[in-house]
Structure formats: C-alpha cells, structure tokens
Amino acid sequence: MASLSCVAARSTRAPKVADPTDGFTALNLGQSNFELQRPYDEASGARYSFDGTVRKMWVLSSDKPHARQSHTMPRTEIRITGHDYSSGTRQFEGYGYVPSGTSGVCIMQVFGASDTGAASTLMLHVYDGALRYYDRQLVEDNIYNRWFKLNVIHDVDGSMLTVYIDGEEKLHVRGRGGHSHYFKFGVYAQHHDSSRMESHWKDVRILKKD
C-alpha cells in the first residue's frame with residue numbers, strides 16, 4: 001500500500017515548467033546598456049536607485065515628461081540600448097516587483113510598431129494589482145508585493161509575442177508591426193494612474209534565439 005501511495009503522490013505533482021530561455025543565448029549587457037529616462041527636471045537619484053542588484057524606479061503622476069519637448073505621460077524607465085533589433089527572435093528576462101498602490105502604469109514594453117497610433121508592439125500594465133496586456137486581457141492577478149519572473153519573447157518575423165510569468169505561459173498575441181524594436185522596463189504612467197507609481201527590477205537579461 002505504501003508503494004501505491006507513493007505512485008499516487010507522484011502522479012498528482014504539477015508537470016515541470018519548461019524554461020523559456022532554452023535555445024536562446026544571453027547577450028552582453030553592461031551598465032552603459034541601461035539608459036535611464038526620467039522626468040527632465042529631476043535628478044536621477046530623485047526617481048531612481050540601484051544598489052548593484054535591484055533597480056528601483058518611481059514616478060509621480062504630477063511629474064514632467066522625460067524630455068522638455070515631449071507630450072507623453074510621466075515615466076522613469078530603463079531603455080535597453082545597444083541591442084535594438086529588426087528581425088529574428090529576442091527575449092527579455094527579469095524579476096519584477098510592484099508595491100501595492102501602484103496602478104495605471106506600464107511596467108514593461110517592447111517598443112516599436114507600425115499600426116496607426118501605436119508606438120509599442122507590447123505593453124504590460126498594472127491596474128489594481130492585476131498585470132494586463134495594455135488595459136485589456138489579464139496576464140497575471142495579484143501581482144503586488146512579490147517578486148515574479150517575467151519572460152517576454154518577440155518573434156519579429158512571425159509577428160508574435162509570448163509572455164511567461166514564473167515560467168508559465170500567460171499570453172500569446174500578435175505583434176503590431178514596426179521596423180526596429182527595443183525593450184524598456186520601469187514605470188510609465190497610463191490612464192487612471194495612481195499618484196505614485198513604482199517598480200523594482202533585478203537580474204535583467206536580453207537573449208537571442210540560436
């Protein structure tokens with residue numbers, strides 16, 4: 001009977017989650033590849049900190065845009081430089097953390113699109129603790145106050161994007177065109193934004209399909 005119990009216990013275990021980075025090679029990233037965009041009238045230390053492991057970014061709904069001539073919403077974001085791409089398959093990987101109260105904000109995006117009125121081919125927004133594809137379908141609920149592993153795979157030639165949370169596929173959608181792309185993460189105010197928006201990131205990697 002004991003052996004049957006062991007078999008039953010093994011059969012109820014959750015299947016092993018595949019590693020979304022299998023078949024990909026990490027690209028070299030140095031500090032120069034992490035370009036900070038922040039309200040143009042604020043010093044970097046007023047909206048950003050980095051202790052060597054965790055990058056913390058925050059912005060206020062009353063803040064100025066990142067450039068004096070810009071008419072966009074307030075943001076404190078990292079733009080990955082040196083690895084823009086226009087073909088093939090690239091992947092963003094990182095561990096994110098969103099404090100409770102942060103809402104109406106984009107925390108990660110794949111920039112570049114050709115659809116009318118679109119600047120990005122994918123955005124991940126947070127609304128009241130839920131991570132969403134733009135302001136539409138749910139990607140992951142109860143995102144507040146916990147570290148989660150985010151993987152975003154962009155197949156440019158196939159015009160498809162796949163999002164994984166903690167190794168589990170959560171979203172598979174078509175892209176929105178565009179001739180050049182790059183990754184961004186942090187906080188970028190959207191509709192119905194909270195007075196303060198914040199996200200933390202660590203172990204960010206960019207990978208290319210072999």
Side-chain angles (χ1 to χ4, degrees), residues 20-40 44 47-48 50 55 57 59 64-96 105-126 131-137 139 150-165 169-191 199 201 203-210:
T21 66
D22 285 348
F24 285 77
T25 299
L27 304 176
N28 291 327
L29 280 181
Q31 287 308 309
S32 61
N33 299 115
F34 293 81
E35 179 185 279
L36 180 65
Q37 298 179 345
R38 64 185 191 275
Y40 70 79
S44 61
R47 295 292 183 269
Y48 170 78
F50 178 49
R55 301 175 191 272
M57 286 164 276
V59 75
K64 299 287 196 301
H66 68 293
R68 189 178 297 273
Q69 69 274 17
S70 174
H71 298 290
T72 58
M73 299 287 278
R75 73 182 76 195
T76 304
E77 287 184 301
I78 295 288
R79 187 260 208 241
I80 297 294
T81 66
H83 294 296
D84 294 11
Y85 59 98
S86 57
S87 62
T89 303
R90 299 293 175 95
Q91 180 172 178
F92 171 94
E93 179 182 76
Y95 290 83
V105 65
C106 170
I107 62 168
M108 187 273 170
Q109 61 174 305
V110 181
F111 193 85
S114 60
D115 287 4
T116 302
S120 62
T121 201
L122 177 134
M123 275 188 167
L124 295 176
H125 293 186
V126 173
L131 186 68
R132 296 186 176 276
Y133 170 65
Y134 293 91
D135 58 356
R136 304 167 205 169
Q137 66 254 49
V139 176
L150 173 66
N151 293 80
V152 177
I153 298 175
H154 184 196
D155 175 1
V156 179
D157 303 327
S159 190
M160 295 300 300
L161 295 110
T162 309
V163 176
Y164 296 81
I165 302 292
E169 183 178 320
K170 294 289 188 172
L171 181 73
H172 189 64
V173 292
R174 293 201 61 80
R176 305 171 84 185
H179 302 293
S180 182
H181 303 279
Y182 52 83
F183 298 111
K184 303 182 77 176
F185 61 97
V187 280
Y188 176 24
Q190 303 297 311
H191 300 299
S199 70
W201 294 87
D203 299 332
V204 169
R205 297 198 299 163
I206 306 300
L207 305 97
K208 181 179 181 180
K209 193 168 186 179
D210 299 338

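Throughout, numbering of the chain's residues begins at 1 and tracks the sequence.
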For S86 and S180, indicate whether the former's side chain and the latter's backbone hold a donor-acceptor pair under 3.5 Å.
no
Would you please indicate if the ring centroids of F92 and F185 are separated by under 6.0 Å?
yes
How far apart are the C-alpha atoms of L150 and L124, what are their side-chain angles, what is the distance that settles it, and do they pass the side-chain contact (heavy atoms from CB on, under 4.5 Å) test?
CA-CA 11 Å; L150 173 66; L124 295 176; 3.8 Å; yes
Do other residues, nucleotides or ligands put more than 12 heavy atoms under 6.0 Å from the CZ atom of R136?
yes
Assess whether atom NZ of K170 is packed by more than 12 heavy atoms of other residues, nucleotides or ligands within 6.0 Å.
yes
Out of curiosity, S159 OG to H154 NE2, how far, rounded to the nearest 0.5 Å?
6.0 Å
So, H125 side chain and R132 main chain: donor-acceptor pair closer than 3.5 Å or not?
no
Shortest non-hydrogen contact from I80 toward Y182:
O-CB, 3.9 Å
Taking all non-hydrogen atoms of both residues, which atom of A113 and which atom of S120 are closest, and how far apart?
CB-O, 3.4 Å
Under a 3.5 Å distance rule, please check whether Q190 uses its side chain to pair with a backbone N or O of Y188 as donor and acceptor.
yes
Applying side-chain contact (heavy atoms from CB on, under 4.5 Å) to W201 and F50, what does each step give before you reach the verdict?
CA-CA 9 Å; W201 294 87; F50 178 49; over 6 Å; no
Between N151, T25, D155, which is the residue that forms a side-chain hydrogen bond (donor to acceptor under 3.5 Å, both in side chains) with Q91?
N151
Salt-bridged, R90 to D84, with N to O below 4.0 Å?
no
K184 vs M108 side-chain heavy atoms within contact, under 4.5 Å:
no
Drop me the distance from R47's CZ to E77's CD, to the nearest 0.5 angstrom.
14.5 Å
Taking the six-membered ring of F34, is the NZ or CZ of R55 close enough (under 6.0 Å from the centre) and on axis enough (within 45°)?
yes
Could you walk me through whether H172 and T162 satisfy the side-chain hydrogen bond (donor to acceptor under 3.5 Å, both in side chains) test, starting with their C-alpha distance in whole Å, then the side-chain angles of each, then the deciding distance to 0.1 Å, before giving a yes or no?
CA-CA 4 Å; H172 189 64; T162 309; 2.8 Å; yes
Quick one: CG on L131 to CG on L171, what's the gap to the nearest 0.5 Å?
9.0 Å
Minimum heavy-atom separation for Y134 and T121, please, with both atom names.
OH-C, 3.5 Å
More than 12 heavy atoms from other groups under 6.0 Å of CG on D210:
yes
Gap between atom CG of L36 and atom NE2 of H66 - 0.5 Å precision
11.0 Å
About how many Å separate CG of L207 and OG1 of T89, when rounded to the nearest 0.5 Å?
12.0 Å
What pair of heavy atoms forms the shortest contact from N28 to N33, and how long is it?
O-OD1, 3.9 Å
What's the separation between atom CG in D203 and atom CD in E93, rounded to the nearest 0.5 Å?
8.0 Å
For a quick test of reading the model, state the closest non-hydrogen atom pair linking S70 to P65 and the distance between them.
O-CG, 3.4 Å
Under a 3.5 Å distance rule, please check whether T81 uses its side chain to pair with a backbone N or O of S32 as donor and acceptor.
yes
I need the minimum non-hydrogen distance between C106 and M123, along with the two atoms involved.
SG-CG, 3.8 Å
